[in-house]
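Below is one structure, written out as structure tokens, with a few remarks after it.
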Amino acid sequence: DYAQSVPFWSSVASVFGGNDAVIFDLFNEPFPERALSSETGGWQCWLDGGAACSAGIPYRVAGMQTLVNTVRATGADNVIMLGGLAYANDLTQWLAYEPTDPDHNLVASWHSYSFNACSTVACWASQISPVIARVPVIAGEIGEKDCGDSYIDKLMNYLDSVSTSYLAWAWNPGFQCSGGTALISGYTGAPTPYGAGYRAHLKSLAG
């Protein structure tokens, strides 16, 4: 929503601009292709907003270029994350539609869950590795719903092999296995098997 997103990001960037501990993730899990019934149309809407979205979205949309411009207009040079289509699982045309950034400080944000379309090593090699070769990528959300860690283990090994960072979702005991991906079973921090697998992997990296 252009009317709300532009002033929101102008405000956030004005407060946190220059604080390198803060990364801006402009829009969580976009999926404009569903409204526009077209992959190409989705990417055009994602980048440009406005008229590029009007065929399927009834309100004025702020595209990623507008939001990048909004952040940079405040003087903030922070890292900006931009999630791809299909709830950030699709990065296939991210490079083709990458916004212009005067600070050259953009990151492709990728989400990977066991139930996503791109959930195999072969897909990661064909769709994600080419993006990693060109720009920084952060897997801002990874997870699986089966209470285990078999999917994220495979995924983390892949991401480690291409020097790409990842964050597991979510620190929330309200997500039980069938309804979400819970790292903990309670706010005392007791891990689920999924959370224990993630923790064990991080500990193995630390030696």
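Quick note: residue numbers are just sequence positions, from 1.
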Is there a path of hydrophobic side-chain contacts, each under 4.5 Å between heavy atoms of I, L, V, M, F, W or Y residues, that connects Val61 with Leu47? no

Check: Ala182 main-chain N/O paired with Thr192 side-chain donor or acceptor under 3.5 Å: yes

Would you say Tyr151 and Ser112 make side-chain contact, with heavy atoms under 4.5 Å? yes

Give a yes or no answer on whether the side chain of Thr164 reaches the backbone of Val162 with a donor-acceptor pair at less than 3.5 Å. yes

Grab the two heavy atoms, one from Asp90 and one from Thr92, that are nearest each other, plus how far apart they are. OD1-OG1, 2.6 Å

List the steps, then state whether ring pair (Phe, Tyr, Trp, His ring centres under 6.0 Å) holds for Tyr97 with Trp46. CA-CA 8 Å; Tyr97 287 90; Trp46 181 91; 7.5 Å; no

Looking only at heavy atoms, what is the nearest atom pair of Asp25 and Ser109, with distance? OD2-OG, 4.1 Å

Looking only at heavy atoms, what is the nearest atom pair of Gly42 and Pro32, with distance? O-CG, 3.4 Å

Under 3.5 Å, is there a donor-acceptor pair between the side chain of Asn89 and the main chain of Asn116? no

Ser114 OG to Ile152 CD1 distance, which is reported to the nearest 0.5 Å: 10.0 Å

Taking Ser161 for the side chain and Tyr158 for the main chain, is one N or O donor matched with an acceptor at less than 3.5 Å? yes

Side chain to side chain donor-acceptor pair (under 3.5 Å) for Tyr87 and Arg34? Distances and angles first, verdict last. CA-CA 10 Å; Tyr87 303 91; Arg34 294 185 61 183; 2.4 Å; yes

Can we say Arg60 and Asp1 salt-bridge, meaning some charged N sits less than 4.0 Å from an Asp/Glu carboxylate O? no

Linking I/L/V/M/F/W/Y whenever any side-chain heavy atoms sit under 4.5 Å apart, do Leu155 and Leu205 land together? yes

Is there a side-chain contact between Met64 and Phe27, using heavy atoms and a 4.5 Å cut-off? yes

Please answer whether the main-chain N or O of Ala13 pairs with a side-chain N or O of Asn78 as donor and acceptor at a distance below 3.5 Å. no

Taking Ser150's backbone N and O only, do any of them form a donor-acceptor pair with Glu144's side chain (distance below 3.5 Å, no angle check)? yes

Do Val137 and Val121 share a hydrophobic cluster (ILVMFWY, side-chain heavy atoms under 4.5 Å, transitive)? yes

Measure the spacing between OG of Ser204 and CZ of Arg199 and express it to the nearest 0.5 Å. 12.0 Å

Hydrophobic cluster membership, with links at side-chain heavy-atom distances under 4.5 Å among I/L/V/M/F/W/Y: are Trp94 and Val107 in one? no

Taking the six-membered ring of Phe115 as reference, does the NZ or CZ atom of Lys145 fall below 6.0 Å from its centre and within a 45° cone about the axis? yes

Separation of Trp110 CH2 from Leu91 CG (nearest 0.5 Å): 7.5 Å

Using modelled atom types and a 3.5 Å cut-off, is there a donor and acceptor pairing between side-chain atoms of Ser11 and backbone atoms of Pro7? no

Does the Asp101 side chain pair with the main chain of Asn105, one donor and one acceptor, at a distance under 3.5 Å? yes

State, without any angle test, whether Asp160 and His201 hold a side-chain donor-acceptor pair at a distance under 3.5 Å. yes

According to a 4.5 Å side-chain heavy-atom criterion applied to Ile, Leu, Val, Met, Phe, Trp and Tyr, with indirect links allowed, do Leu82 and Val6 form part of one hydrophobic cluster? yes

Say whether, by atom type as modelled, one donor and one acceptor occur between the side chain of Thr181 and the main chain of Trp169 under 3.5 angstrom. yes

Heavy atoms, side chains only, cut-off 4.5 Å: are Met81 and Ile138 in contact? yes

Looking only at atom types and distance, does a side-chain atom of Ser126 sit under 3.5 Å from a main-chain N or O of Ala122, one as donor and one as acceptor? yes

